[in-house]
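Reviewing the structure listed below.
Since this is a predicted model, take the numbers as computed values, not measurements.
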Amino acid sequence: MENHISKFIVSLGCLILLQSCNYFQTAEEREVVARVNENYLYVDEIQSLVGEGVSGEDSTLMVNDFIKRWATQQLLIDKAKFNLSTAQQKEFDELVSNYKNELYSKAYADAMVAKRLDTTFNQNEIEEYYNEHLENFRLNEDLVKLRFINLPNNLDFDDVKRKFIRFNEADKSDLDKISLQFKSYSFNDSVWVGTKSVYNRIIPLNDGNKSQLLKKSNFLQLEDSLEVYLVYVNDVLLRNDQAPLEYAVSTIKQILLNKRKANLVKELEKDITRDAIENKQFEIYN
């Protein structure tokens, strides 16, 4: 079989380049590139493999590789059909048919649902679901609300430190004005964040000082040879604590969205069946 395939390889590059708009022929006139037993591979099936700007050498390699893989697959299928029992082949054919039907059905249902799906949620709807399913919203990691500044250790940061800890409106404004001096920073200390992401951003945190991160209203000054981290922890929630609503919102929205999709699919199925009965397209014979 390898020798049979190799006969095509020498001329494949030229074969692809010679095809043009005159090549759109009827099924009877389709040009054969390769054959494995009773299975044929046609030129029009491989033309799309080669995009614009691909060199002749590269296009030949791509086509050759595709033909070899196609031939190998056909040979495996033929061997399988020869060795598998009729019952096994029938079972596989049914599985393929069912999968094909499911793909078609799902594609149509998804398209119809997308047109009708309302993706907006009001706060009452979210809060209602949250309150009815509190036990489903337990934290699987520690959360913190914090702010931090990362700055070079050769900078005089006593004034920065004082304002960072006190952090009234004037302090916040002053720190914003000089933020270009910081290597990185975050002043958004009203949002819950997972400690894993904090550890990734604040490098000096280690097993010896990570416990300090899980203390409320706690200030940390972490240093290494090049830089200083100022960290202030506003609030803490521990693993297995009740997840706060604002942290669970995205999960709740996805749950509610999936429910809406499922309900729309059910409505679609009922509508299609009802219309088919009314139009005499679907009948049950007793």
* Go through the steps for Val228 and Asn150 under the test side-chain contact (heavy atoms from CB on, under 4.5 Å), then give the verdict. => CA-CA 6 Å; Val228 176; Asn150 175 18; over 6 Å; no
Between [X] and [Y], does any side-chain N to carboxylate O distance fall below 4.0 Å?
| X | Y | answer |
| --- | --- | --- |
| Asp158 | Lys161 | no |
| Glu135 | Arg138 | yes |
| Asp171 | Arg166 | yes |
| Lys163 | Asp159 | yes |
| Arg30 | Asp44 | yes |

* Mind checking whether Tyr185 and Phe187 have parallel, tilted or perpendicular rings, split at 30° and 60°? ->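 The arrangement is tilted - the two ring planes meet at 30° to 60°.
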* Step by step, would you call Lys183 with Glu227 a salt bridge (charged side-chain N to carboxylate O under 4.0 Å, His left out)? -> CA-CA 9 Å; Lys183 300 184 72 172; Glu227 55 194 16; 2.8 Å; yes
Heavy-atom side-chain contact between [X] and [Y] under 4.5 Å:
| X | Y | result |
| --- | --- | --- |
| Ile149 | Ser179 | no |
| Ile46 | Trp70 | no |
| Trp192 | Glu246 | yes |
| Leu245 | Ile252 | yes |
| Val32 | Leu41 | no |
| Asp118 | Arg260 | yes |
| Asn39 | Asp78 | yes |
| Pro204 | Glu223 | no |

Looking at [Y], is its backbone amide N or carbonyl O close enough to the side chain of [X] to form a donor-acceptor pair, meaning the two atoms are under 3.5 Å apart?
| X | Y | answer |
| --- | --- | --- |
| Asn122 | Asn124 | yes |
| Asn218 | Leu214 | no |
| Ser173 | Glu169 | no |
| Thr195 | Val198 | no |
| Gln88 | Ser85 | yes |
| Arg239 | Asn140 | yes |

Distance only, no hydrogens: is a donor on one side chain within 3.5 Å (strictly under) of an acceptor on the other, for [X] and [Y]?
| X | Y | result |
| --- | --- | --- |
| Ser211 | Asn209 | no |
| Lys81 | Gln89 | no |
| Glu45 | Gln47 | no |

Just wondering, are more than 12 heavy atoms of other shown residues or ligands nearer than 6.0 Å to [atom1] in [X]?
| X | atom1 | result |
| --- | --- | --- |
| Lys253 | NZ | no |
| Glu38 | CD | no |
| Lys106 | NZ | no |

Are [X] and [Y] joined in one hydrophobic group, where the rule is that I, L, V, M, F, W and Y side chains link up if heavy atoms are under 4.5 Å apart?
| X | Y | value |
| --- | --- | --- |
| Tyr129 | Tyr247 | no |
| Ile284 | Ile277 | yes |
| Ile165 | Phe182 | yes |
| Leu237 | Phe137 | no |
| Phe219 | Leu213 | no |

So which heavy atom on [X] is nearest to which on [Y], and how close?
| X | Y | result |
| --- | --- | --- |
| Thr273 | Glu269 | OG1-O, 2.9 Å |
| Leu220 | Leu205 | CD2-CD2, 4.5 Å |
| Phe148 | Ser184 | CE1-OG, 3.7 Å |
| Val160 | Ile178 | CG2-CD1, 3.8 Å |
| Gln281 | Asp275 | OE1-O, 4.4 Å |

Could you state the interatomic distance from [atom1] ([X]) to [atom2] ([Y]), rounded to the nearest 0.5 Å?
| X | Y | atom1 | atom2 | value |
| --- | --- | --- | --- | --- |
| Thr60 | Asp65 | OG1 | CG | 12.5 Å |
| Ile272 | Met112 | CD1 | CE | 8.5 Å |
| Leu143 | Asp241 | CG | CG | 8.5 Å |
| Arg69 | Asn64 | CZ | CG | 11.0 Å |
| Ile126 | Ser250 | CD1 | OG | 10.0 Å |
| Phe157 | Arg162 | CZ | CZ | 12.5 Å |

* Distance under 6.0 Å and angle within 45° of ring axis: Arg201 vs Tyr229 ->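 Verdict for Tyr229: no cation-pi partner in Arg201.
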* Asked: Does NZ or CZ of Arg147 come closer than 6.0 Å to the centre of the six-membered ring of Phe164, within 45° of the ring's axis?
  ->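 Verdict for Phe164: a cation-pi partner in Arg147.
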* **side-chain contact (heavy atoms from CB on, under 4.5 Å) between Leu222 and Ile203, intermediate numbers included** => CA-CA 9 Å; Leu222 308 170; Ile203 308 304; over 6 Å; no
* Given side-chain contact (heavy atoms from CB on, under 4.5 Å), test Lys172 with Leu175 step by step and report yes or no. => CA-CA 5 Å; Lys172 188 185 301 185; Leu175 291 173; 5.9 Å; no
* Evaluation steps, side-chain hydrogen bond (donor to acceptor under 3.5 Å, both in side chains), between Asn98 and Glu94 -> CA-CA 6 Å; Asn98 290 337; Glu94 289 177 354; 5.9 Å; no
* Asked: Given the rule in the side-chain contact (heavy atoms from CB on, under 4.5 Å) test, do Phe121 and Val249 qualify, once you have shown the distances and angles that lead to the verdict?
  -> CA-CA 10 Å; Phe121 300 92; Val249 164; over 6 Å; no
